[in-house]
Each structure stands twice: as C-alpha cells, then as structure tokens.
Amino acid sequence: MLFGVSAVVTGVLLGWGVSGLQAFGDFNGEYGQILNGVAGRERHVTNVVAAVVFDYRGFDTLGEDFILFSAVLGVALLLREARDDRERPRDEVRSDAVRAFGLAMVAPTVVFGLYIVAHGYLTPGGGFQGGVALAAGLILLYAAGGYRAFRAATPHRLVDLAEGTGAGGYAAVGVASLVAGSLFLQNVIGLGTKGTLAAGGTIPLLNAASALAVAAGLILLCHEFLEEVMYEE
Amino acid sequence: MIPLQVVALALVGLGALAVVTTRDPLRQTLVAGLYGLALAVLMVVLQAPDVALSEIVVSSVASPFILLTALAKLQRRRTRK
C-alpha cells in the first residue's frame with residue numbers, strides 16, 4: 001500500500017521532471033560556455049575541468065579534500081589498534097593465474113596512475129582519478145602477492161605522512177598565496193607555456209597535493225579494513 | 001542521440017536491473033563492478049572521460065574491495081558461531 005502510493009507519487013514527479021528537460025545533448029549552461037572560452041587563455045591549461053577544479057573552484061576542492069581526509073581519519077580512529085608488525089599474518093595467493101596476471105598488472109597500473117596525475121591538467125584525468133588509480137595499483141599487490149607484500153610496499157608511517165602532506169599541502173598552497181599578498185588559493189605563480197607540464201601556475205601543485213591525499217587515503221582505508229579481516233580476535 | 005549512446009544507455013539499464021535482481025551479496029558485488037564498467041562506457045560515449053576514469057577505478061577496485069572485506073569479516077563471524 002505504502003509502496004504503491006510512493007511509487008505513483010514518484011512516477012508522477014519523475015514524468016513531470018522529465019517532460020521539462022531540454023533536448024538530449026542540448027547544453028546551454030552559461031557558466032560552462034564562458035569557462036570553455038576563457039580557461040585556456042587565462043590559465044594556460046588544456047583541460048578545462050582541471051582549471052575549474054583546481055583554480056576557479058579551488059576552494060570547493062579544498063573542502064572535498066578535507067571531507068576525504070576526515071573520513072579516512074575517522075576510519076583510522078575507529079579501527080586502528082596497536083599491533084606488532086613482526087607478527088603480521090601470512091596468507092597465500094592460491095591461484096597461479098591471479099598471481100601472474102596481478103603481478104604483471106601492478107607496475108603498469110601504478111605508472112598509469114602517475115601518468116593520469118602528471119597530465120591531469122593537460123588531458124583528461126587529474127589528481128583524484130590518478131590518485132585512485134595509483135592506490136588501486138598498490139592494492140593489486142595485495143590481491144596478487146598477499147597481505148605481507150602489500151604492507152611491506154606501503155609502510156604505515158609513509159602512508160600517514162603522505163596523507164597529511166597531501167591534505168595539508170593543498171591548504172598550504174592557499175596560505176602561500178595569502179602570504180604573497182593575494183586572495184586565498186588565488187593563482188599567483190607564473191602560468192608557463194600552454195600545454196606543457198609546467199603550465200597552469202598553482203594548478204599542478206594542487207593537483208599533486210590532492211593526488212597524494214587521495215592515494216594515501218585509499219591505501220590507509222585498505223590497511224584498516226584488511227587488519228580487521230586478517231587478524232583473528 | 002547516436003546509436004552508440006543508445007546501446008550504452010541500454011547496457012546501464014540492464015546492468016542496474018542485474019544488480020538489484022542478484023540476491024547473493026558476493027555475486028552482487030561482482031555484478032555491481034560490471035555495472036560500474038557499463039556506466040564508465042556510457043560516460044566515455046557522452047564525452048566525459050574525466051568522470052569515466054574515476055568511475056572505472058572506484059567501481060572496479062575501491063568499492064568491491066570495501067564490500068568484499070566486509071563480507072569476509074561477516075562470513076568469518078558466522079562460521080565461528
């Protein structure tokens with residue numbers, strides 16, 4: 001009964017909403033059109049999405065970075081226990097196919113992640129996407145090489161440090177532009193040659209900082225989740 | 001809408017249906033990963049490669065990983081009882 005009523009109401013609202021949509025592929029968002037026109041000229045990057053995320057809307061991305069940071073921090077606070085590193089549980093990857101294919105994919109995935117990060121503001125990609133791909137490459141190490149190999153490749157201290165540096169580094173770039181006598185997160189350094197890796201002023205810095213925060217955050221999350229599964233209580 | 005977009009959209013619809021009709025959580029996790037790949041294809045076809053890149057990694061690595069570890073933990077607790 002309740003489902004019937006809510007289904008009808010949702011159906012009517014959906015029909016009403018869909019009937020008011022503009023034609024498929026017909027985009028007339030004014031802000032987007034303006035940015036498409038000026039971003040290349042104003043910021044010297046060829047990926048307008050990156051210019052929006054790390055410059056025009058850089059402050060929003062700072063918020064996103066810290067949402068991720070506090071989520072990971074929350075998980076770590078809830079789940080982390082002091083455990084002896086020497087007595088890490090041993091597990092075996094039983095399937096030869098998984099081991100061979102997984103190990104073959106680790107390095108390409110990590111390199112692909114780094115590439116997506118490095119070229120994020122020139123071609124499709126960016127710190128978030130590349131950071132997740134980077135972390136995925138290292139997580140593959142768990143699937144293919146076992147828990148000990150994964151933990152040995154991603155030491156806790158290093159990942160903690162990377163997470164803090166990523167999130168803090170993003171804010172630090174903003175503070176640096178304040179110190180330089182400008183607005184918070186204003187793009188203050190030279191824009192470089194359009195289409196090169198050095199282009200975009202602070203965009204590459206913010207891009208790298210969020211890549212670090214995202215990759216380290218995901219790996220930390222995996223550490224905590226895996227510890228829950230691997231250690232018998 | 002070009003035919004390729006129609007096909008990709010249909011795949012997403014079918015994938016979503018497959019996810020909700022799968023009842024076993026373990027299978028559902030894998031089907032959801034495939035559904036994510038269908039979504040990524042749709043995004044590429046609609047010229048949003050940035051979003052597609054994140055969708056691929058999130059749907060094929062990050063979310064299955066979290067779901068699978070949770071399932072493993074639950075399974076272990078159930079067998080111990």
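The chains referred to below are lettered A, B, ... by the order of the sequence lines, with proteins before strands, and numbering in each begins at 1.
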(request) Output the distance between atom CZ (A:Phe112) and atom CG (B:Leu53), rounded to the nearest 0.5 Å. (result) 5.5 Å

(message) Strictly by side-chain hydrogen bond (donor to acceptor under 3.5 Å, both in side chains), give each pair with a member in residues 108-135 of chain A just once, sequence neighbours left out.
(response) none

(message) Sub-4.5 Å heavy-atom contacts with chain A: which residues of residues 59-71 of chain B show up?
(response) B:Val61, B:Ala62, B:Phe65, B:Ile66, B:Thr69

(request) Write down the atom of B:Lys73, the atom of A:Glu228, and the distance for their closest heavy-atom approach. (result) NZ-O, 3.1 Å

Is the [atom1] atom of [X] crowded by more than 12 outside heavy atoms at less than 6.0 Å?
| X | atom1 | answer |
| --- | --- | --- |
| A:Gln22 | CD | yes |
| A:Arg80 | CZ | yes |
| A:Phe3 | CZ | no |

(message) Just to be sure I understand the criterion: a residue of residues 131-139 of chain A counts if one of its heavy atoms is under 4.5 Å from a heavy atom of chain B. Which ones qualify?
(response) A:Val132, A:Ala133, A:Ala136, A:Ile139

(request) For chain A, find which of B:Ala48, B:Ala72, B:Ser54 contributes the most heavy-atom pairs closer than 4.5 angstrom. (result) B:Ser54

(message) For B:Gln47, which atoms come within 4.5 Å of any heavy atom of chain A: side chain, backbone, both, or neither?
(response) neither

(request) Test B:Asp50 against every option in A:Ile116, A:Val53, A:Val49 by the side chain to side chain contact (heavy atoms under 4.5 Å, CB included) rule and name the one that passes. (result) A:Val49

(request) Check whether any side-chain heavy atom of B:Leu46 sits under 4.5 Å from a side-chain heavy atom of A:Phe24, and report yes or no. (result) yes

(message) Which one wins on heavy-atom pair count under 4.5 Å against chain B: A:Leu140, A:Asn47, A:Leu221?
(response) A:Asn47

(message) For residues 45-61 of chain A, which residue pairs pass the salt bridge (Lys or Arg N to Asp or Glu O under 4.0 Å) check, not counting sequence neighbours?
(response) A:Arg43-A:Asp55

